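Take a look at the structure below.
As the structure is a prediction and not an experimental result, all values here were calculated from the model. Side chains included, hydrogens not; waters and symmetry mates left out as well; all remaining heavy atoms used. Here is the naming used below: chain letters follow the sequence lines, and residue numbers restart at 1 for every chain.
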Amino acid sequence: MPVRRGTGAAPRIGGPPSFPVPVSRPPETVPMTADYKSTLFLPETGFPMRAGLPRREPEILARWEEIGLFGLLREDSRGREKFILHDGPPYANGHLHIGHALNKILKDVINRSQQMLGKDANYVPGWDCHGLPIEWMIEERYRAAGRNKDEVPIVEFRRECREFADKWIDIQREEFKRLGVIGDWDNPYTTMTFAAEAQIVRELGKFVMSGELYRGSKPVMWSCVEKTALAEAEIEYHDRASPTIDVAFPVIAARAPELEGAEVAIWTTTPWTIPGNRAIAYGDGLDYRLIEVTRTGAASGVAPGRRIVLAAGPMEDALARCGVSGHREVARFRGADLEGAVCRHPLRGRGYDFDVPLLEGDHVTTEQGTGFVHIAPGHGAEDWALGTRHGVETPHTVDEDGRYLDHVPLFAGARVLTGDGGEGDANGRVIAALAESGCLLAKGRLVHSYPHSWRSKAPLIFRNTSQWFVSMESNGLRDKALAAIDATRWVPPSGHARIRGMIETRPDWVLSRQRAWGVPIAVFVHKETGEALRDRAVIDRIADAVEKEGADAWFAGDPRRFLGDGRDAGDYEQVFDILDVWFDSGSTHSFVLERRPGLAWPASLYLEGSDQHRGWFHSSLLEAAGTRGRAPYDAVLTHGFVLDGEGRKMSKSLGNVVAPQDVVEQYGADILRLWVVSADYGEDLRIGPEIVRRQADSYRRLRNTMRFLLGNLAGFGEDERLDPAAMPELERWVLHRLWEIDRLVRKACDDFDFHALFVALHTFCATDLSAFYFDIRKDALYCDPLNGTRRRACRTVLDTLFSCLTAWLAPILCFTTEEAWLQRFPGEKESVHRRVFPEVPESWRDDALAAKWRTVRRLRRVVTGALEVARREKRIGSSLQAHPAVHADAADIAALDGLDMAEIAIASRATLVAGAGPSAAFRLDDAPGVSVVVKLADGGRCERCWMVLEEVGSDPVMGDLCTRCAGAVAEIADVSEVVT
RNA sequence: GGGCCUGUAGCUCAGUUAGGUUAGAGCGCACGCCUGAUAAGCGUGAGGUCGGUAGUUCAAAUCUACCCAGGCCCA
């Protein structure tokens with residue numbers, strides 16, 4: 001006779017008081033072979049096993065938007081201690097890449113965790129808007145349309161740049177939101193709002209007022225055709241033939257007496273820079289030789305008897321160039337021996353009557369040339385840096401056309417390059433003059449890689465130009481910045497040394513750019529004195545105008561409105577250079593943290609990739625140290641860079657780029673967020689198809705843990721809750737573990753160590769819960785009488801686990817934990833993110849119990865090992881078929897006092913025996929003294945709980961059940977009768 | 001070339017600061033069990049010259065030097 005199934009499937013468990021809905025029929029009529037499944041309390045939940053994150057996450061986002069979650073959080077945490085993570089602004093062009101995703105997810109995890117630690121983590125995202133890349137995009141458009149940028153009014157050009165930035169802000173904002181990043185997305189900050197531009201002007205004004213801003217000069221890559229400076233990215237390198245010369249600089253002073261009357265040889269491919277020469281660089285660790293020429297070839301301009309200093313490495317080549325066929329070595333030197341030596345310029349007596357000092361230069365090599373480098377501070381970046389460091393002047397020698405200025409002796413008016421980029425007469429005239437002076441040792445030609453303009457394709461030169469600087473020394477900026485570094489917490493600590501090294505040696509900050517899209521260096525220069533106008537009122541008038549009209553006010557306005565009465569605009573030059581964009585972003589702390597309600601200065605934390613030691617951390621530090629005497633942050637956290645699965649840099653050409661949008665679309669943002677915390681982001685991170693798949697695996701375990709909790713908490717009510725004191729040890733052990741993990745979670749959040757947090761939680765879910773606690777308690781949850789103490793204790797703990805796990809994982813799995821939380825608590829404005837981490841009472845701590853259960857699990861491992869052998873021998877399948885006998889020393893047996901080893905090992909029965917077991921018993925090497933003999937459990941199988949017990953069959957009515965199950969079924973039947 | 005950093009099982013990481021038992025974990029993998037968490041759950045197992053070489057030491061993943069590979073920032 002077929003068993004008639006009940007009207008419902010499994011008993012539904014409703015709200016409190018929780019009792020099941022009726023089962024199929026009264027127990028008396030249940031036949032011996034009944035299907036008891038419907039009498040079990042099996043898990044039930046609408047929380048699906050398959051996440052479907054790509055579809056579900058946008059729904060959750062929409063709900064957050066709808067309830068105004070960010071606003072609710074601000075209300076909830078009003079008055080709490082603030083945690084301000086100040087957002088480093090990404091540049092507003094292009095879609096997000098994986099590095100953006102890493103950065104913003106990390107920030108989000110930190111903000112959410114600080115919020116749940118009980119703080120007010122108000123996060124205002126921002127964008128960096130000014131600068132070259134956007135200018136190029138607009139220029140590119142003009143080119144495509146056949147327009148010339150220079151013919152477009154600057155205000156119109158700037159407007160197009162602004163619109164371009166706006167467009168990308170909108171796109172990136174949506175992409176960031178999709179990652180689950182929560183913040184004030186409706187009111188982000190940008191560097192191009194009028195208020196921001198005005199504040200940047202004010203900040204610059206502080207450097208003007210302090211006198212730290214000064215006009216100096218610096219060589220830049222210059223196109224004589226376009227008459228403009230070019231940025232690195234606008235430069236192409238092509239082969240070009242250049243003249244080469246070896247030039248002798250006579251020594252006029254040196255420590256070593258042998259050097260008297262000797263000459264230092266330099267080699268260069270730019271003869272035209274010799275008029276700009278002001279020093280010679282040598283390498284400290286290099287070997288040098290002083291030689292005397294004894295024989296020369298016919299074509300040589302070098303006479304025997306001349307004494308020349310050269311580096312040992314390139315000496316033979318250099319002498320060959322000079323036609324020297326015989327020489328003798330007079331002396332040997334180390335570079336360091338040349339310290340303090342001075343030469344005269346080879347054109348001395350013809351307008352070049354200054355000394356040429358020998359300086360140590362760490363860029364000097366012996367690969368080419370003579371081992372000495374001619375230093376023209378106006379014509380090379382390294383030359384300028386070395387010269388500036390030693391107080392050597394940087395002369396202006398050529399104008400914007402590439403023509404020697406009038407004050408240049410001998411060569412005024414000569415051209416380095418012609419108007420169309422061709423070779424001018426400067427090189428030839430300089431070479432001729434050197435030959436006349438007798439200092440030309442050799443000349444030749446060389447084809448080498450040389451910079452050219454990307455636009456005109458004409459060769460470029462390094463040309464000295466006027467620029468605006470912030471002095472590192474005049475007002476003690478360097479010292480202030482170094483002190484600020486020492487007062488800041490750097491995570492990881494190596495960041496301290498990294499930025500310190502940079503600040504210690506960096507030259508003055510070049511603030512000016514000859515560009516259009518940026519905040520102007522809003523300064524007036526007195527035409528006669530060359531001094532910047534230092535007048536608080538003028539600066540305020542400019543800033544106020546910018547606040548109302550934007551920075552265009554500076555470009556479009558009449559200077560008289562700023563200068564005020566009593567000054568003649570004709571006396572002043574208005575500076576139209578713009579600020580280095582690093583000054584913009586370095587000032588964000590002032591127009592965001594200081595001026596926005598709800599925020600605070602300084603920031604609790606700045607968090608960016610490690611490249612920002614040179615970038616934003618650096619510029620923010622200098623800006624704030626100069627204007628406020630300290631860093632704008634209390635702590636700085638850096639993360640590494642994202643590499644591909646093999647640890648290589650990602651590039652389009654390698655085809656190894658992982659786009660965050662693709663991961664989100666295929667797996668979901670929670671998977672990407674899991675990836676972030678699964679790695680040690682203090683170092684470089686890898687991502688590739690396999691690594692993403694691994695995250696999906698880890699995710700499944702966490703999701704299923706939550707699903708198990710939800711399923712077994714169906715209908716849980718407060719009246720069912722049990723006090724820990726009344727709980728079995730197993731439950732109290734779980735509470736102890738929660739106490740331990742709570743501590744770990746809070747410490748990990750303090751340390752921003754989410755990898756440790758993730759590992760701890762994942763291992764806890766997999767090892768302690770799924771493989772141990774849940775596995776053991778499934779029997780009680782499914783089979784025990786509905787309100788049995790053991791079952792109530794377990795459900796109470798499951799409730800606590802749910803509370804803790806959803807909170808602890810919420811900063812990471814922001815979507816999944818929300819889904820799980822709402823599954824149980826679907827309130828209108830309910831959100832897991834509005835919670836704080838649950839209070840875990842100290843009373844849950846029980847070290848003695850933990851020690852005891854370490855023993856329990858050690859014994860259990862021997863049992864499971866023994867069961868596996870029995871399984872292999874086909875003696876058992878399910879562990880419930882077994883009856884293990886555990887032999888252990890008396891101390892271990894005593895430790896199990898009051899515990900049921902059968903329950904713990906999921907066997908039907910277990911026996912504990914003190915003493916050594918039989919020699920054939922199963923043992924594990926790492927559990928000495930413990931052995932297990934697996935017997936088969938005697939008795940019949942309970943058709944409900946599947947335990948094999950001798951008592952089965954003893955119930956007169958339900959002969960196929962054990963006593964416990966018979967009672968449970970009877971209880972259900974009683975209740976069902978009441979209900980029906 | 002310089003500054004900072006990294007290299008431990010297929011993957012992600014502990015362990016290195018203060019050298020000391022057979023180098024651990026989770027995942028993956030293989031095999032098996034269960035079929036009442038089921039595109040789940042449980043168990044067992046395999047898998048590592050600790051980037052390489054040389055050195056210090058009774059003893060090195062751990063300290064030193066050099067080398068190789070990779071990253072960021074400079075040059």
Side-chain angles (χ1 to χ4, degrees), chain A residues 10 35-45 47 49-50 283 361-365 367 381-382 385 492-502 504-506 609-615 618 638-643 645-649 674-675 677-680 682-688 690-701 703-712 755-756 758-767 770-772 774-776 778-779 781-783 861 863-872 874 876-881 906 925-926 944-946:
Chain A
D35 177 4
Y36 287 100
K37 187 163 175 177
S38 61
T39 72
L40 294 170
F41 308 111
L42 292 178
E44 186 169 310
T45 175
F47 186 78
M49 179 178 291
R50 306 256 300 164
D362 50 18
H363 64 290
V364 179
T365 69
E367 277 161 29
E382 284 171 330
S494 54
H496 178 264
R498 184 165 178 178
I499 194 165
R500 209 172 200 291
M502 291 177 189
E504 276 170 350
T505 57
R506 68 152 297 146
S610 59
D611 58 331
Q612 297 303 324
H613 287 107
R614 167 72 54 188
H618 193 115
T638 52
H639 57 76
F641 276 69
V642 184
L643 310 173
E646 273 70 54
R648 307 266 164 180
K649 199 201 289 255
L674 209 50
W675 165 73
V677 297
S678 76
D680 175 4
E683 297 165 15
D684 292 340
L685 298 85
R686 298 178 179 200
I687 194 168
E690 191 201 340
I691 293 172
V692 177
R693 250 182 283 124
R694 284 295 97 82
Q695 306 317 315
D697 290 331
S698 307
Y699 174 82
R700 203 171 301 137
R701 168 69 72 174
R703 183 174 183 89
N704 279 327
T705 300
M706 285 186 263
R707 184 167 185 266
F708 183 88
L709 291 170
L710 281 166
N712 287 287
H755 179 256
F758 162 73
V759 167
L761 291 182
H762 190 271
T763 306
F764 177 64
C765 287
T767 309
S770 195
F772 187 63
F774 291 172
D775 211 29
I776 291 169
K778 275 188 275 190
D779 171 76
L781 285 167
Y782 302 167
C783 304
R861 281 198 303 111
V863 175
T864 53
L867 292 177
E868 189 61 20
V869 173
R871 205 168 272 139
R872 196 151 297 149
K874 302 289 181 199
I876 61 165
S878 160
S879 59
L880 286 174
Q881 292 169 265
I906 317 181
D925 289 347
D926 55 352
R944 186 164 174 273
C945 71
W946 297 340

> Counting only side-chain N and O atoms of A:Lys874, is one of them less than 4.0 Å from OP1 or OP2 of B:G32?
Replying inline: no

>> For the C1' atoms, the ones on B:G43 and on B:U12, what distance do you get once it is rounded to whole angstrom?
In response: 24 Å

> With a 4.0 Å cut-off on heavy atoms, is A:Ser698 in touch with a base, just the backbone sugar-phosphate, or nothing at all?
Replying inline: nothing

>> Nearest heavy atom decides the nucleotide; on that basis, is A:Gln612 or A:Ser878 closer to the 5' end of RNA chain B?
In response: A:Ser878

> Which base sits across from B:C31 as a Watson-Crick or G-U pair, both distances under 3.5 Å?
Replying inline: B:G43

>> Quick check for you: among B:A25, B:C72, B:U12, whose closest atom lies nearest to any side-chain atom of A:Ala679?
In response: B:U12

> How is A:His762 classified with respect to the nucleic acid when contacts are heavy atoms under 4.0 Å: base, sugar-phosphate, or nothing?
Replying inline: sugar-phosphate

> Across the strands shown, which category fits A:Trp946 at heavy-atom distances under 4.0 angstrom: base, sugar-phosphate, nothing?
Replying inline: base

>> Whole angstroms only, please: what is the CG-P distance between A:Asp779 and B:A37?
In response: 11 Å

>> Applying the 5.5 Å / 30° rule, does A:Phe708 stack onto the base of B:G41?
In response: no

> Now, which nucleotide makes the Watson-Crick or G-U wobble pair with B:U17, with each of the two distances under 3.5 Å?
Replying inline: none

> Counting side-chain heavy atoms from CB outward, which of B:A40, B:C11, B:G26 is closest to A:Thr767?
Replying inline: B:G26

>> Nearest to the A:Arg694 side chain among B:G3, B:C33, B:G10, which nucleotide is it?
In response: B:G10

> Quick one: NE2 on A:His762 to CZ on A:Arg701, what's the gap to the nearest 0.5 Å?
Replying inline: 6.5 Å

> Can you tell if the side chain of A:Asp611 reaches within under 4.5 Å of the side chain of A:Phe641, non-hydrogen atoms only?
Replying inline: yes

>> Once you apply a heavy-atom cut-off of 4.0 Å, does A:Arg500 come out as touching a base, just sugar-phosphate, or nothing?
In response: nothing

>> By nearest atom, which of the nucleotides B:U44, B:C42, B:G71 is closest to the A:Ser770 side chain?
In response: B:C42

>> Counting only Watson-Crick pairs (N1-N3 plus N6-O4 or O6-N4) and G-U wobbles (N1-O2, O6-N3), all under 3.5 Å, who is the partner of B:U38?
In response: none

>> Starting the side chain at C-beta, find the nucleotide from B:U12, B:A37, B:C42 nearest to A:Asn704.
In response: B:A37

> Considering only heavy atoms and no angle criterion, is a donor-acceptor pair shorter than 3.5 Å present between the side chain of A:Arg872 and the base of B:C31?
Replying inline: no

> What is the distance from atom OG of A:Ser610 to atom NE2 of A:His639, rounded to the nearest 0.5 Å?
Replying inline: 8.0 Å

> Between B:G71 and A:Lys649, is there an OP1 or OP2 to side-chain N/O distance shorter than 4.0 Å?
Replying inline: no

> Which nucleotide in the list B:G71, B:G43, B:A75 gets nearest to the side chain of A:Ala771?
Replying inline: B:G43

>> I need the CD-C1' distance between A:Glu646 and B:G10, as an integer number of Å.
In response: 12 Å

>> With a 4.0 Å cut-off on N to O distance, would you call A:Arg871 and A:Glu868 a salt bridge?
In response: yes

>> Any strand counts, and the cut-off is 3.5 Å on both contacts for Watson-Crick or G-U wobble. Which nucleotide pairs with B:C72?
In response: B:G3

>> Rounding to an integer number of Å, can you tell me how far A:Arg707 CZ sits from B:A39 C1'?
In response: 11 Å

>> Please classify the nucleic acid contact of A:Gly877 as base, sugar-phosphate, or nothing, using heavy-atom distances under 4.0 Å.
In response: sugar-phosphate

> Which part of the nucleic acid, if any, lies within contact of A:Gly711, taking any heavy atom under 4.0 Å across all strands shown: a base, the sugar-phosphate backbone alone, or nothing?
Replying inline: nothing

> Within the pair A:Arg701 and B:A40, is there a side-chain N or O less than 4.0 Å away from OP1 or OP2?
Replying inline: no

> Could you state the interatomic distance from CD (A:Gln695) to CD1 (A:Ile687), rounded to the nearest 0.5 Å?
Replying inline: 8.0 Å

>> Quick check for you: among B:C73, B:U12, B:C11, whose closest atom lies nearest to any side-chain atom of A:Glu690?
In response: B:C11

> From the list B:C13, B:A75, B:G36, which nucleotide is the closest neighbour of the side chain of A:Leu40?
Replying inline: B:G36

> If pairing requires Watson-Crick or G-U wobble contacts with both distances under 3.5 Å, which nucleotide is the partner of B:G26?
Replying inline: B:C11

>> With a 4.0 Å cutoff (strictly under), does any side-chain N or O of A:Ser879 reach OP1 or OP2 of B:C34?
In response: no

>> On the six-membered ring of A:Tyr782, is A:Arg944 placed so that its NZ or CZ lies under 6.0 angstrom from the centre and within 45° of the ring axis?
In response: no

>> Expressed as a whole number of angstroms, how long is the span from A:Glu683:CD to B:G70:P?
In response: 17 Å

> Nearest 0.5 Å, what's the CG-CD distance between A:Leu643 and A:Glu683?
Replying inline: 11.0 Å

> Which of the following nucleotides, B:C72, B:U12, B:G26, is nearest to the side chain of A:Ser678?
Replying inline: B:U12

> Does A:Tyr782 have a side-chain nitrogen or oxygen under 4.0 Å from the phosphate oxygens OP1 or OP2 of B:A37?
Replying inline: yes

> Which nucleotide, B:G41, B:C34, B:G43, lies nearest any side-chain atom of A:Asp775?
Replying inline: B:G41

>> Looking at B:U64, which nucleotide sits across from it as a Watson-Crick or G-U wobble partner, both distances under 3.5 angstrom, or is there none?
In response: B:A54

> Touch check for A:Asp697, heavy atoms < 4.0 angstrom, all strands: base, sugar-phosphate only, or nothing?
Replying inline: sugar-phosphate

> Mapping A:Leu867 and A:Arg871 to their closest nucleotides on RNA chain B, which lands nearer the 5' end?
Replying inline: A:Arg871

>> Just to be sure I understand the rule, does A:Arg50 reach a base, reach only the sugar-phosphate, or reach nothing, if contact means heavy atoms closer than 4.0 Å?
In response: base

>> Rounded to whole Å, please give me the gap between CZ in A:Arg944 and P in B:G36.
In response: 14 Å

> Quick one: A:Arg498 CZ to B:U6 P, roughly how many Å, whole number?
Replying inline: 12 Å

